[in-house]
Q: 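The structure under discussion is supplied below as structure tokens; questions concerning it will follow.
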Amino acid sequence: MRSKAAYGPIAISLHWLVALLIFAAFALGLYMTGIPGLTPTKLKLFSWHKWMGVTIFALALVRVLWRGAKGAPAPAAGTPAWQVKAAAGAHHLLYLLILVVPLTGYFYSSAAGVPVVFLGLWHMPALIEPNDALKAALKPAHEWLNYLMAAIVVVHAAAAVKHQFVNRDGTLARMLPFLK
Ligand code: HEM
Ligand code: HEM
């Protein structure tokens with residue numbers, strides 16, 4: 001469904017909330033894994049990272065459902081067909097990755113036998129039994145899917161900025177209405 005005139009306030013809020021939380025979780029993920037040893041600070045940061053990731057997953061689910069129900073505006077008039085296809089492909093991949101990246105993190109934690117206690121309050125269920133082979137596979141899967149997502153986000157953001165300021169077709173303003 002690509003029939004709306006513009007993104008609504010909920011779609012815009014969810015886009016930026018998920019984006020900001022992903023930037024924070026990504027930076028924290030890189031920082032915390034670089035801390036040597038197993039210090040209390042490192043364990044605390046791992047917990048915060050997991051809480052952020054679980055929150056991102058929940059918001060991403062809401063986002064995908066909202067998108068399914070509400071659709072999105074048609075691409076800016078005059079956009080070449082290959083760019084329309086590339087943007088649609090990137091958007092589909094991003095929707096997939098904002099669900100799969102937290103899932104790989106969660107399954108990795110379960111495989112490693114470390115529970116997720118959301119906000120230190122809710123003991124979340126382990127989705128799989130501790131398993132060394134899966135643990136060894138899920139760790140690089142979480143890492144490399146993160147790098148894939150980061151690469152797509154860089155191109156996605158660069159395309160939005162290029163369309164806004166070079167083509168002047170208002171693409172970025174669709175997600176940042178104050179630019180209109
Ligand atoms: C969109 C959400 C998420 C993002 C952007 C993200 C990002 C990252 C990044 C960049 C790293 C460092 C990769 C490395 O160098 O190994 C990392 C590591 C890690 N993440 Fe996530 N993550 C997310 C969700 C989650 C979730 C939901 C969990 C678990 C509930 C989780 C658990 C972990 C763990 C345990 C590590 C450490 C892996 C290691 O020991 O090297 N992450 N994450
Ligand atoms: C983790 C970061 C991000 C993710 C996961 C993400 C994801 C997405 C997705 C899935 C859409 C498609 C919305 C739809 O049509 O249903 C979208 C649209 C959009 N995003 Fe992002 N985004 C991120 C960051 C950014 C950044 C940093 C910018 C700008 C600098 C940006 C600008 C836009 C714009 C302008 C649109 C609307 C495109 C159009 O209408 O054709 N996004 N984003």
Side-chain angles (χ1 to χ4, degrees), residues 1-2 4 6-8 11-12 14-35 38 42-43 45-60 63-64 66-76 79 83-84 86-112 114-118 124 126-127 135-136 138-165 169-177 179:
M1 191 163 75
R2 279 210 159 247
K4 285 170 55 98
Y7 289 108
I12 294 175
L14 283 169
H15 175 272
W16 291 114
L17 191 56
V18 169
L20 289 178
L21 282 170
I22 286 181
F23 293 145
F26 186 90
L28 182 56
L30 291 183
Y31 175 72
M32 70 187 194
T33 48
I35 299 174
L38 205 62
K42 186 172 182 175
L43 291 176
L45 295 180
F46 266 59
S47 295
W48 290 1
H49 177 80
K50 292 178 186 187
W51 303 345
M52 267 184 207
V54 169
T55 309
I56 291 166
F57 180 77
L59 288 170
R63 234 195 119 177
V64 169
W66 192 260
R67 170 64 160 85
K70 297 284 179 176
T79 309
Q83 289 182 16
V84 173
H91 294 168
H92 279 104
L93 267 174
L94 285 173
Y95 277 129
L96 192 67
L97 285 165
I98 58 179
L99 294 167
V100 170
V101 165
L103 277 178
T104 52
Y106 197 100
F107 277 101
Y108 170 66
S109 280
S110 295
V114 184
V116 179
V117 187
F118 190 66
M124 296 186 68
L127 295 180
K135 181 183 159 193
L138 283 164
K139 187 171 155 170
H142 187 60
E143 186 177 1
W144 285 100
L145 287 171
N146 259 296
Y147 296 145
L148 174 66
M149 180 167 71
I152 297 173
V153 166
V154 167
V155 177
H156 167 75
V161 169
K162 187 253 180 194
H163 272 271
Q164 179 72 26
F165 298 107
D169 61 9
T171 296
L172 188 54
R174 288 147 66 107
M175 271 302 169
L176 287 176
L179 287 176

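Numbering of ligands and ligand atoms starts at 1, following listing order.
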Q: Could you check if a side-chain atom of K162 sits within less than 4.5 angstrom of a side-chain atom of T171, using non-hydrogen atoms only?
A: no
Q: Please report the closest heavy-atom contact between L127 and F107, naming both atoms and the distance.
A: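 Heavy atoms of L127 and F107 come nearest at CB-CE2, 3.7 Å.
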Q: Give a yes or no on this: more than 12 heavy atoms of other residues, nucleotides or ligands lie within 6.0 Å of atom CH2 of W48.
A: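 12 or below, so no.
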Q: Can you list the ligand 2 atoms lying under 4.0 Å from a non-hydrogen atom of I98?
A: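 Listed by number with element: 5 (C).
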Q: I need the minimum non-hydrogen distance between G53 and P102, along with the two atoms involved.
A: O-CB, 3.6 Å
Q: Locate the shortest heavy-atom distance separating A72 from Y7; write the atom from each residue and the value.
A: CB-CE2, 3.8 Å
Q: Give me the ring orientation class for H156 and H15: parallel if the planes are under 30° apart, tilted from 30 to 60°, perpendicular past 60°.
A: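 Geometry flag for H15 against H156: tilted rings.
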Q: Of all the N, O or S atoms in H15, which one sits nearest to atom 21 (Fe) of ligand 2?
A: NE2
Q: Does OH belonging to Y31 count more than 12 external heavy atoms closer than 6.0 Å?
A: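 Atom OH in Y31 is not crowded, with 12 or fewer foreign heavy atoms closer than 6.0 Å.
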Q: Please report which non-hydrogen protein atom sits nearest to atom 2 (C) of ligand 1, along with the residue it belongs to and the distance in Å to one decimal place.
A: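 Heavy-atom neighbour on the protein nearest atom 2 (C) of ligand 1: I56 CD1, 3.7 Å.
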Q: Side chain to side chain contact (heavy atoms under 4.5 Å, CB included) for F118 and T55? Distances and angles first, verdict last.
A: CA-CA 9 Å; F118 190 66; T55 309; 3.5 Å; yes
Q: Under 2.8 Å from atom 21 (Fe) of ligand 2, can any N, O or S atom of H156 be found?
A: yes
Q: Stepwise, does the side chain to side chain contact (heavy atoms under 4.5 Å, CB included) test hold for E143 with T33?
A: CA-CA 11 Å; E143 186 177 1; T33 48; over 6 Å; no
Q: Which atoms of ligand 1 have any heavy atom of V116 under 4.0 Å away?
A: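 Listed by number with element, the hits are 30 (C).
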Q: When you look at L176 and Q164, which way does the side chain to side chain contact (heavy atoms under 4.5 Å, CB included) test go after all the steps?
A: CA-CA 11 Å; L176 287 176; Q164 179 72 26; over 6 Å; no
Q: I need the minimum non-hydrogen distance between A126 and S110, along with the two atoms involved.
A: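 Where A126 meets S110 most closely, the heavy atoms are CA-OG, 3.6 Å.
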Q: Measure across Y147 and L30 and return the closest heavy-atom pair with its distance rounded to 0.1 Å.
A: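 Where Y147 meets L30 most closely, the heavy atoms are OH-CD2, 3.8 Å.
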Q: Run the contact test for V18 against ligand 2 with a 4.0 Å cut-off on heavy atoms, strictly below, and give the result.
A: no
Q: Which ligand 1 atoms does S109 reach within 4.0 Å, using its non-hydrogen atoms?
A: 29 (C)
Q: For atom 41 (O) of ligand 1, what's the nearest protein heavy-atom neighbour? Residue, atom name and distance, please.
A: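 In this structure, atom 41 (O) of ligand 1 has K139 CE, 3.2 Å as its nearest protein heavy atom.
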Q: Using a strict 4.0 Å cut-off to heavy atoms of L172, name the atoms of ligand 2 that fall inside it.
A: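 Selected atoms, number and element: 29 (C), 35 (C).
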Q: Should M32 be listed as contacting ligand 1, given a heavy-atom distance under 4.0 Å as the test?
A: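 It does, in that a heavy atom of M32 comes within the 4.0 Å cut-off of ligand 1.
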Q: List the atom of V116, the atom of S109, and the distance in Å for their closest heavy-atom pair.
A: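 Minimum heavy-atom contact is CG2-CB, 4.2 Å.
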Q: Run the contact test for R63 against ligand 2 with a 4.0 Å cut-off on heavy atoms, strictly below, and give the result.
A: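 Yes; R63 lies near enough to ligand 2 that a heavy-atom distance drops under 4.0 Å.
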Q: By number and element, which atoms of ligand 2 are closer than 4.0 Å to a non-hydrogen atom of A160?
A: 32 (C), 35 (C)
Q: Just jot down the ligand 1 atoms closer than 4.0 angstrom to any heavy atom of V54, in number order.
A: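 Those atoms are 27 (C).
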Q: Looking only at non-hydrogen atoms, which of Y7, Y95, W16 approaches atom 28 (C) of ligand 2 most closely?
A: W16
Q: For atom 10 (C) of ligand 1, grab the closest protein heavy atom and report residue, atom and distance to one decimal in Å.
A: F26 O, 3.5 Å
Q: Have a look around atom 21 (Fe) of ligand 1 and list protein N/O/S atoms under 2.8 Å, or say none.
A: H49 NE2, H142 NE2
Q: Would you mind telling me if ligand 2 is within reach of the side chain of R174, the backbone, both or neither, using heavy atoms under 4.0 Å?
A: side chain
Q: Nearest to atom 13 (C) of ligand 1, what protein heavy atom do you find, and at what distance?
A: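 Ranking protein heavy atoms by distance from atom 13 (C) of ligand 1, first comes E143 CG, 3.8 Å.
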Q: Residue-level breakdown please: for F57 versus ligand 1, do any non-hydrogen atoms fall below 4.0 Å on the side chain, on the backbone, on both, or on neither?
A: neither
Q: Nearest 0.5 Å, please: how far is CD1 in I152 from CG in L93?
A: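 Between L93 CG and I152 CD1, I get 4.5 Å after rounding to 0.5 Å.
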Q: Under 4.0 Å from a heavy atom of A72: which atoms of ligand 2 are those, numbered in the order shown and with their elements?
A: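 With A72 as reference, the close atoms of ligand 2 come out as 15 (O).
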Q: Under a 4.5 Å cut-off applied to non-hydrogen side-chain atoms, are K50 and M124 in contact?
A: no
Q: T171 to ligand 2: N or O pair under 3.5 Å?
A: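 No, no N or O pair falls under 3.5 Å.
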Q: Look at atom NZ of K42 and say whether more than 12 heavy atoms of other residues, nucleotides or ligands are closer to it than 6.0 Å.
A: yes
